[in-house]
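A short worksheet on the structure shown next.
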Amino acid sequence: MATAAAHRPPGAQAHGAEDTAVIEAYTRRFDAAVAADERIEPRDWMPDAYRATLVRQIAQHAHSEIIGMQPEANWITRAPSLRRKAILMAKVQDEAGHGLYLYSAAETLGVGRDELLDKLHSGRQKYSSIFNYPTLTWADVGAIGWLVDGAAITNQVPLCRCSYGPYARAMVRVCKEESFHQRQGYELLLALSNGTPEQHAMAQDAVDRWWWPSLMMFGPPDDESQHSAQSMEWKIKRHSNDDLRQRFVDICVPQAESLGLTLPDPDLRWNEERGEHDFGTIDWTEFWEVLKGNGPCNEQRITQRRKAHEEGAWVREAAAAHAAKHTGEQTGETGATRA
Amino acid sequence: MTHTDWPLWEVFVRSRRGLSHTHAGSLHAPDAELALRNARDLYTRRGEGVSIWVVPSAAITASSPDEKDPFFEPAADKPYRHPTFYEIPDGVKHL
Amino acid sequence: MTPPETTTPTGTAAPAGPGAPVFPTAAALALGDDALVLSHRLGEWAGHAPVLEEEVALANIALDLLGQARVLLSMAGDEDELAYLREERAFRNLQLVEQPNGDFAHTIARQLYFSTYQLLLHAELAAGDGPFAPLAAKAVKEIAYHRDHAEQWTVRLGDGTDVSHERMQRACTALWRFTGEMFQPVEGLGLDEKTLTAMESAWLDSVTGVLGRAGLTVPDGPRGGAWAAGAGRQGVHTEPFGRMLAEMQHLHRSHPGASW
């Protein structure tokens with residue numbers, strides 16, 4: 001992740017001069033670097049559209065981590081054992097951490113975190129629609145870990161090789177921590193599935209509700225995905241939505257079997273010829289409706305997020321005011337602090 | 001932007017004794033003291049560090065990619081600075 | 001629903017053979033309940049903190065406390081039975097830690113008062129050779145950080161803006177009356193009157209120092225309850241605590257005998 005000084009891209013000068021020859025030369029250099037699988041770093045010249053795509057994607061990713069805390073935090077105070085309570089608290093904390101890694105990756109592209117949060121709060125930037133579904137029972141915490149985090153990992157592992165350096169590095173850190181999330185979810189569901197009949201039913205109900213929304217997390221089918229082709233070319237994205245979705249289904253089927261739970265899709269079966277599973281048709285109407293804001297929790301999630309931000313304003317102002325009064329006292333001449 | 005925006009800090013973590021501090025990422029904090037604490041909570045919550053530096057991002061001066069050639073190419077041109085430049089007869093030890 | 005069995009504080013003493021020293025169960029419960037209840041309250045902040053960095057910081061503190069609680073409750077019996085199946089009157093935590101989060105200033109004032117006490121207490125226990133010494137030696141490092149976090153924020157809120165100053169002062173004053181209870185003797189903790197008195201004056205010095213640096217006034221109200229029924233250490237709690245437990249225990253109690 002680079003610094004504020006490093007945010008100013010040299011390409012800006014070229015734009016001012018409107019020197020097409022210079023821009024063409026820069027573009028050639030950029031394309032060659034991407035083609036050679038080199039990483040693009042913050043101060044390198046990059047096409048405006050590449051920058052805009054990254055800002056949009058990284059911001060949406062960061063927002064998803066932050067909003068994604070809510071459905072799980074909903075169960076921290078009711079976790080049924082102290083061990084589960086500790087695990088869940090640590091997991092929700094990690095999500096805040098992931099949000100922070102990602103916001104700082106976005107900041108290397110010259111946008112401030114406050115600006116991104118404003119866009120989230122005003123609905124100008126999105127977060128993953130999956131978090132607009134409610135966590136109705138304790139088993140939902142398990143289903144989120146197993147399916148939602150599982151889908152997220154399938155999406156995110158390739159991002160560790162994304163062409164933009166700071167994003168790729170943030171994702172390495174995120175993925176390392178994310179595997180604990182998926183495992184705890186699986187283990188939670190396994191305990192329920194092997195538990196009392198009521199617990200087993202709770203687990204099955206959660207999987208029934210979360211399976212299809214999890215498949216939607218990979219985004220619309222390839223032929224309807226507006227950003228996919230360009231993102232693949234820029235190596236921001238490495239696999240198509242449908243490929244990743246297929247990979248996820250193939251991973252989940254045996255896992256569900258060993259959980260003793262059923263995936264709610266009568267059309268799900270192994271296709272010998274293709275060497276992968278066939279599965280039923282996704283209800284894309286639901287996907288687009290939830291995306292448009294008509295999901296069960298869209299309003300609730302953003303309202304809570306906005307409320308936390310607004311109610312915290314006086315705290316942030318206080319700390320800024322204190323720092324302003326004491327500038328120089330604490331940081332010393334060098335501005336660096338060690339511990 | 002309002003005056004309440006907390007400035008950005010760069011975080012460097014020494015992962016264990018004997019290694020240099022390495023850039024871990026950045027974060028926001030109103031002042032250096034809280035920046036250190038936030039860095040501890042964010043970047044070392046799985047025991048990843050034994051020492052942390054925080055530096056205001058604005059205090060860092062970076063080389064420009066446009067200066068890449070004058071900055072770094074002359075160094076690439078001096079192979080005699082690397083031990084592999086020199087041929088040593090077989091059997092000579094401790095060199 | 002079958003009525004859950006209630007475990008009384010004295011009903012789950014650790015194994016004590018003939019002639020073996022009696023384990024101080026009541027003390028383990030008092031300290032364990034403090035840590036458990038405060039951890040739960042801090043956990044309520046998840047998703048509501050004033051800034052993302054504080055989400056991480058508050059969760060760190062909550063996790064440390066929950067870890068302490070689990071060790072302490074396990075010394076006294078089964079951690080989950082104790083946490084989930086006791087009634088309100090069987091909990092031995094201080095009333096201070098069960099107080100609702102309020103605004104961030106209230107949470108910070110609660111942290112300052114409690115972590116200052118907890119640090120002094122664990123330093124004392126770590127220095128001794130009683131059953132709590134090993135736990136206390138580890139906990140002291142965690143608590144020192146909690147105390148530092150509370151101090152940093154007390155100073156920033158007290159010295160920040162007019163609004164934050166006023167909120168912080170109000171919080172410090174509101175919680176002041178829950179601080180006297182901390183220095184009442186706890187059975188089995190092995191701290192005599194003299195030690196408790198010394199701890200109390202060290203606590204006052206320390207808190208007074210922080211409030212002074214924050215430009216806040218040390219509250220002058222009483223530090224103990226005027227009600228003879230006692231306080232948290234005697235199982236007498238405040239109204240919000242029952243609702244907190246109802247939420248915390250509901251799921252566990254709805255499935256008697258289940259494993260999670």
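Values below: all heavy atoms of this structure, side chains included; hydrogens, waters and symmetry mates excluded. In what follows, chains carry the letters A, B, and so on, assigned in the order in which the sequence lines appear, proteins first and then strands, with residues in each chain numbered from 1.
- Asp162(C) does not touch chain A: none of its heavy atoms, backbone or side chain, sits under 4.5 Å away.
- No side-chain heavy atom of Val315(A) sits under 4.5 Å from any side-chain heavy atom of Asp103(C).
- Note: Glu53(C) leads Glu53(C), Glu79(C), Arg41(C), Met244(C) in heavy-atom pairs under 4.5 Å with chain A.
- Residues Val92(A) and Ala46(C) share a closest heavy-atom pair of CG1-CB, 4.2 Å.
- With rounding to the nearest 0.5 angstrom, the CH2 atom of Trp45(C) is 15.0 Å from the CE atom of Met89(A).
- The two residues Arg316(A) and Pro50(C) make their nearest non-hydrogen contact at NH1-O, 2.7 Å.
- Ala69(C) does not touch chain A: none of its heavy atoms, backbone or side chain, sits under 4.5 Å away.
- Ion pairing between Arg167(C) and Glu317(A) fails under the 4.0 Å rule for side-chain N and carboxylate O.
- When side chains are defined from C-beta on, Asp159(C) counts as touching His326(A), because their heavy atoms get closer than 4.5 Å.
- With a 6.0 Å radius and a threshold of 12 heavy atoms from other residues, nucleotides or ligands, Glu166(C) has its CD atom at or below the threshold.
- Contact between Tyr84(C) and Ala79(A) at its shortest, heavy atoms only, is OH-O, 2.6 Å.
- With contacts defined as side-chain heavy-atom distances shorter than 4.5 Å, the pair Lys85(A)/Met248(C) qualifies.
- When all heavy atoms of Leu82(A) and Asp80(C) are compared, the pair lying nearest together is N-OD1, 2.9 Å.
- Sorted by first and then second residue, the salt bridge (Lys or Arg N to Asp or Glu O under 4.0 Å) pairs with a member in residues 178-203 of chain A read Arg83(A)-Glu187(A), Arg84(A)-Glu187(A); sequence neighbours excluded.
- Residues of residues 135-143 of chain A lying under 4.5 angstrom from chain C, judged on non-hydrogen atoms, are Trp138(A) by number.
- Heavy-atom proximity under 4.5 angstrom to chain C picks out Met69(A), Ala73(A), Trp75(A), Ile76(A), Thr77(A), Arg78(A) from residues 68-78 of chain A.
- In this structure, the portion of Thr196(A) lying under 4.5 Å from any heavy atom of chain C is its side chain and not its backbone.
- Atom NE2 of residue His309(A) and atom NE2 of residue His48(C) lie 15.5 Å apart, to the nearest 0.5 angstrom.
- Note on Ala308(A), Ala191(A), Gly99(A): by heavy-atom pairs under 4.5 Å with chain C, the leading option is Ala308(A).
- Proximity to chain C (any heavy atom under 4.5 Å) is restricted, for Ile66(A), to the side chain, taken from C-beta onward.
- For the set Leu52(C), Val51(C), Thr161(C), the entry with the most heavy-atom pairs within less than 4.5 Å of chain A is Leu52(C).
- Residues Val56(C) and Gly97(A) share a closest heavy-atom pair of CG2-N, 4.1 Å.
- Applying the ring pair (Phe, Tyr, Trp, His ring centres under 6.0 Å) rule to His165(C) yields no partners; only residues at least two apart in sequence or on another chain are considered.
- Ranked by non-hydrogen atom pairs under 4.5 Å with chain A, the options Glu55(C), His252(C), His40(C) are led by His40(C).
- Two residues are said to be in side-chain contact when any heavy atoms from C-beta on lie closer than 4.5 Å; Glu311(A) and Phe104(C) fail this criterion.
- If you measure heavy-atom distances from Leu58(C) to chain A, you find no contacts under 4.5 Å at all.
- Contact of Glu54(C) with chain A is not made at all, since no heavy-atom distance falls under 4.5 Å.
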